[in-house]
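Data block below; observations after.
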Amino acid sequence: MPSPEFVDAVLAVVRRIPAGRVMTYGDVALAIGSSAPRAVGRVMALYGHAVAWWRVVPASGLPPQGHAPLALPRYREEGTPLRHAESPDYRIALSAARLPYTHEIYSEVAL
């Protein structure tokens with residue numbers, strides 16, 4: 001089980017992801033100085049309902065596992081770049097949607 005401090009750090013980063021952008025689990029881990037993307041995924045599974053969970057995705061560009069139908073309207077509303085948006089097998093266009101490493105979210109971590 002992730003520590004309360006880890007949970008708070010993950011959720012703080014996710015709250016700062018701008019609408020229409022995404023970060024991977026690994027990106028969130030990097031932003032908090034961790035090398036544990038799976039722990040980030042665990043936090044999102046347990047506590048993600050309190051934040052914009054659809055903005056944290058696997059590195060494959062797929063929406064969060066089991067939540068593709070719930071996430072799609074949010075991506076459309078926010079203008080998140082998508083690939084194959086009309087297909088149930090859509091993906092997030094990471095090359096356009098991923099928050100760049102130059103964003104201030106990463107500024108507190110030495111890259």
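Numbers here simply count residues along the sequence, with the first being 1.
Val10 places none of its side-chain heavy atoms less than 4.5 Å from the side chain of Tyr47. Using a 4.5 Å heavy-atom threshold, the side chains of Pro18 and Leu99 count as touching. Put simply, the side chain of Leu72 reaches to within 4.5 Å of the side chain of Leu82, judged on heavy atoms. Here the side chains of Leu94 and Val57 are in contact, with some heavy-atom distance below 4.5 Å. At least one side-chain heavy atom of Arg98 sits under 4.5 Å from a side-chain heavy atom of Thr24. Inter-residue side-chain proximity for Trp54 and Leu70 is flagged as unmet; no heavy-atom pair is nearer than 4.5 Å.
Listed by chain and number, the residues in a ring pair (Phe, Tyr, Trp, His ring centres under 6.0 Å) with His67 are Trp53 (sequence neighbours excluded). Under the side chain to side chain contact (heavy atoms under 4.5 Å, CB included) criterion, Pro100 pairs with Arg21, Thr102, not counting sequence neighbours.
When every heavy atom of Pro37 is checked against every heavy atom of Ala29, the shortest pair comes out as N-CB, 4.0 Å. For Pro58 against Tyr25, the heavy-atom pair with the smallest separation is N-CE1, 3.4 Å. Phe6 and Ser34 make their closest contact through CE1-OG, 3.6 Å (heavy atoms, listed as atom of the first residue, atom of the second, distance). The nearest pair of heavy atoms linking Val14 to Ala52 is CG1-O, 3.8 Å. Between Ile105 and Ile17 the shortest heavy-atom distance is CD1-N, 4.0 Å. For Gly20 against Pro81, the heavy-atom pair with the smallest separation is O-CD, 3.7 Å.
More than 12 heavy atoms of other residues, nucleotides or ligands shown are found within 6.0 angstrom of CD on Glu104. Environment of CZ in Arg16: crowded, with over 12 heavy atoms of neighbouring residues, nucleotides or ligands closer than 6.0 Å.
Summarising the geometry, atom CE belonging to Met44 is positioned 10.5 Å from atom CZ belonging to Arg55; distances are rounded to the nearest 0.5 Å.
Among Glu77, Arg76, Glu78, the one residue that satisfies the side-chain contact (heavy atoms from CB on, under 4.5 Å) test with Thr80 is Glu78.
Under the 4.5 Å side-chain heavy-atom criterion for ILVMFWY residues, a single connected hydrophobic cluster contains both Leu11 and Val13.
Without hydrogens or angle criteria, Arg91 side chain to Ser60 main chain gives a donor-acceptor distance under 3.5 Å.
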